> 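One structure coming up, written as C-alpha cells, with questions to follow.
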Amino acid sequence: MYEKLTLKQKDKIVKTIYKNYQRAQLDILYMNQHYNYYPQIDIFKVREPSSSSDTENHLLNQLERKQYLEEYVNIMNQVHSHLSKESYFFIENEYLNFYDTNWWIHLFSKATYYRLKHNALNELLDIALHFWSEKEILMLLK
C-alpha cells in the first residue's frame, strides 16, 4: 500500500496520526481530571429536577470516548514498541518532539535524513497496517 504513496503523502498521514495521538493523550488527561464517572450528589446546587437520561447519555458518551482514546494511545504505544531504535529515534525527533525543525542538521547529511525518513515512515505504516485497515490509514490523507 505505502509503496504507491509519495513521501509527502506518507508524511501527511504520519503527522495526522501523531496529531491525533497527542490530542488523545491530552483529552484523556483532561477527562481524568475533570470527570467523575461515579454517581454523586452536589448538595450546594439547587435546580429543577432534570431528566436523568440526559446526564446518563452524557456520561455514557464520555466513557465511550475515553475508551476509544485509550485504545488509540495503546495502539500507538504498541507501534512504538515494534519500531526499530533508529526509526523510533527519527519519529520521536521529527513528530513527537517537533520543537526544532532542524534537529537533524548536526547529525545527518540531507541524503541520510531523507533515507531515514523513508525507512521510518515505511516501517511505521507497515506496523500500523496490523492495527488499522488500509482504508482507515488512507482516510487520514483527506
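Predicted model, so just to flag it, every value in this text is computed and none were measured.
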> Between the side chains of Gln25 and Tyr21, is a donor N or O closer than 3.5 angstrom to an acceptor N or O?
yes
> Please examine the side chains of Leu96 and Tyr88, heavy atoms only from C-beta on, and report whether any two atoms are closer than 4.5 Å.
yes
> With a 4.5 Å limit on heavy-atom distance, are the side chains of His82 and Glu123 in contact?
no
> Can you find a pair of side-chain heavy atoms, one from Leu140 and one from Lys15, that are under 4.5 Å apart?
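Of all side-chain heavy-atom pairs linking Lys15 with Leu140, none is under 4.5 Å.
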> Answer yes if Leu7 and Trp104 sit in the same cluster of Ile, Leu, Val, Met, Phe, Trp and Tyr residues linked by side chain heavy atoms under 4.5 Å apart, and no otherwise.
yes
> Are His80 and Phe131 an aromatic pair, judged by ring center distance below 6.0 Å?
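So the answer is no for these two rings.
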> Is any side-chain heavy atom of Ile91 closer than 4.5 Å to a side-chain heavy atom of Tyr18?
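They are in side-chain contact.
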> Which heavy-atom pair separates Leu129 from Ser133 by the least distance, and what is that distance?
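What the structure gives for the nearest pair is CD2-C, 4.3 Å.
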> Does a side-chain heavy-atom distance below 4.5 Å link Tyr95 with Asp11?
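They are in side-chain contact.
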> If you compare all heavy atoms of Ala24 against all heavy atoms of Leu69, which two are closest, and at what distance to 0.1 Å?
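That closest heavy-atom pairing would be CB-CD2, 3.7 Å.
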> Step by step, work out the side-chain contact (heavy atoms from CB on, under 4.5 Å) result for Leu124 and Leu121.
CA-CA 5 Å; Leu124 185 123; Leu121 295 182; 5.6 Å; no
> Check the pair Ile17, Val79 against side-chain contact (heavy atoms from CB on, under 4.5 Å), reporting the backbone distance first and the verdict last.
CA-CA 11 Å; Ile17 287 171; Val79 168; over 6 Å; no
> What I'd like to find out is whether the side chain of Leu26 reaches to under 4.5 Å of the side chain of Gln22, using heavy atoms alone.
no
> Classify the ring geometry between Phe90 and Tyr113 as parallel (under 30°), tilted (30 to 60°) or perpendicular (over 60°).
tilted
> Could you check if a side-chain atom of Lys19 sits within less than 4.5 angstrom of a side-chain atom of Thr16, using non-hydrogen atoms only?
no
> Within the structure provided, determine whether Trp132 and Ile75 are in side-chain contact (heavy-atom separation under 4.5 Å).
yes
> Does atom CD of Gln78 have more than 12 heavy-atom neighbours, drawn from other residues, nucleotides or ligands, at distances under 6.0 Å?
yes
> Once you measure the plane-to-plane angle for Tyr68 and Tyr72, does it fall in the parallel (<30°), tilted (30-60°) or perpendicular (>60°) bin?
tilted
> Could you check whether any side-chain N or O of Asn61 sits under 3.5 Å from a backbone N or O of Asn57, counting only pairs where one atom can act as donor and the other as acceptor?
yes
> Just verifying a value: how many Å separate Leu107 CG and Leu116 CG, rounded to the nearest 0.5 Å?
10.0 Å
> Nearest 0.5 Å please: distance from the CD atom of Glu70 over to the CG atom of Asp27.
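The CD atom of Glu70 sits 11.5 Å away from the CG atom of Asp27.
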> Ignoring hydrogens, what is the shortest heavy-atom contact between Ser87 and Ala120? Give both atom names and the distance.
OG-CA, 3.7 Å
